[in-house]
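Just so it is clear, the model here is predicted, and its values are computed rather than measured.
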Amino acid sequence: MDNSSLGSERQDDPRRPRRLPLWGRIVGVLAALALLFVLVSRFDLIPGFGDLFGEKTRDRTGPVLLKSIQDMHRYEGAAGNFQVVVDLEKDAKFLPDSIRGTRTLYVGAGSVSGYVDLGALDERSVTVNEDHTKATLRLPHAVLGPAALDLDRSYAVSQQRGLLDRLGDLFSDNPAGAQGVQRLAAEHITDAARDSGLVERTEKNTTAMLEGLLRSLGFQEVTVGYE
């Protein structure tokens, strides 16, 4: 047996461990470095290391543009805080919910203000006697403003979406109909405010405010009515 055949047998010996190719060793080293980086950054093994590659937030918002100014001629006499749990479900005909359909549980918190509009008052709305001791005011009835949803206190409890809906969320600016469920929460809060006695409370507080103001000006008898 010659030396060349002996060398070939040594190279092909199955008991001898095979060396990884160069590209394999490079990939292994990179994977080890990546794992080490994650561990050090996550568990702060080296103080200050996380700040080296930490995330930075830059606010590049442009200047705020003033679109308009409106003079307000109303007195807000009362405000109510409300909370509602919205259970919104949408199904598709002939398709199971696992394929097409959504159900969202959403806790909506918001407020509604009651106010009296004083902008339409004129000389006929206020009657004063000659001695300036009696005053009679006729005001429009109080009304409720739109519900203002507090997004900091509102949140989704759960969201169930079918496969097609989840795929659609990937290409949508409004995942899972967030605006729709928020709008529905605001509508329910507005309806609840109408039945809460907020209008009556607003008129009562407005009357008390005007009575105190006019009495401080010397009027002994003040009558406030709504029509």
Side-chain angles (χ1 to χ4, degrees), residues 64-90 102-160 174-227:
V64 178
L65 300 179
L66 175 62
K67 303 296 291 186
S68 65
I69 295 179
Q70 295 179 341
D71 294 330
M72 306 302 293
H73 300 284
R74 66 186 190 185
Y75 175 75
E76 292 190 358
N81 296 313
F82 302 86
Q83 187 179 77
V84 61
V85 179
V86 177
D87 187 350
L88 181 61
E89 184 176 4
K90 294 182 179 181
T102 62
R103 184 177 181 181
T104 303
L105 288 178
Y106 183 83
V107 176
S111 61
V112 177
S113 299
Y115 65 90
V116 175
D117 188 1
L118 305 177
L121 300 182
D122 53 24
E123 65 275 4
R124 295 173 298 178
S125 304
V126 181
T127 303
V128 179
N129 66 347
E130 295 181 357
D131 297 334
H132 289 80
T133 58
K134 297 181 180 180
T136 300
L137 290 78
R138 293 181 292 272
L139 307 177
H141 281 288
V143 295
L144 300 179
L149 202 64
D150 188 349
L151 298 182
D152 291 334
R153 296 189 295 120
S154 303
Y155 56 92
V157 178
S158 65
Q159 293 179 335
Q160 300 175 5
N174 183 26
Q179 292 181 356
V181 73
Q182 291 171 0
R183 187 182 302 110
L184 187 59
E187 292 176 0
H188 283 295
I189 290 176
T190 299
D191 293 338
R194 296 192 184 100
D195 301 328
S196 66
L198 189 57
V199 171
E200 293 78 7
R201 183 69 171 271
T202 300
E203 292 182 354
K204 179 180 178 180
N205 292 343
T206 303
T207 298
M209 182 274 296
L210 292 174
E211 288 179 348
L213 176 63
L214 293 177
R215 292 183 190 279
S216 67
L217 296 177
F219 291 92
Q220 301 175 4
E221 182 178 342
V222 178
T223 302
V224 180
Y226 297 88
E227 58 185 19

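- Note that CG of N129 is 7.5 Å distant from CZ of F219, once rounded to the nearest 0.5 Å.
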- prompt: Can you list the steps and then say if L151 with Q182 is a side chain to side chain contact (heavy atoms under 4.5 Å, CB included)?
  reply: CA-CA 9 Å; L151 298 182; Q182 291 171 0; 4.0 Å; yes

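- Between R183 atom CZ and H188 atom NE2 the span is 12.5 Å, to the nearest 0.5 Å.
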task: Could you walk me through whether Y226 and T206 pass side chain to side chain contact (heavy atoms under 4.5 Å, CB included), step by step?
output: CA-CA 11 Å; Y226 297 88; T206 303; 3.5 Å; yes

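- For the atom pair OG of S196 and CD1 of I189, the computed distance is 11.5 Å after rounding to the nearest 0.5 Å.
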If you look only at distance, which donor and acceptor atoms sit under 3.5 Å apart when one is on a side chain in residues 106-118 and the other is two or more places apart or in another chain?
| unit_1 | atom_1 | unit_2 | atom_2 | d |
| --- | --- | --- | --- | --- |
| D117 | OD1 | G119 | N | 3.0 |

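- Here the closest non-hydrogen pair linking N205 and A78 is ND2-CB, 3.9 Å.
- Atom CG of L66 has more than 12 heavy atoms from other residues, nucleotides or ligands within 6.0 Å.
- To the nearest 0.5 Å, atoms CE (M209) and CG (L214) are separated by 9.0 Å.
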Between side-chain atoms of residues 134-150 and protein atoms elsewhere (two or more places apart, or another chain), which donor-acceptor pairs fall under 3.5 Å?
| unit_1 | atom_1 | unit_2 | atom_2 | d |
| --- | --- | --- | --- | --- |
| R138 | NH2 | R124 | O | 2.3 |
| H141 | ND1 | E203 | OE2 | 2.9 |
| D150 | OD1 | D152 | N | 3.1 |
| D150 | OD2 | R153 | NE | 2.9 |

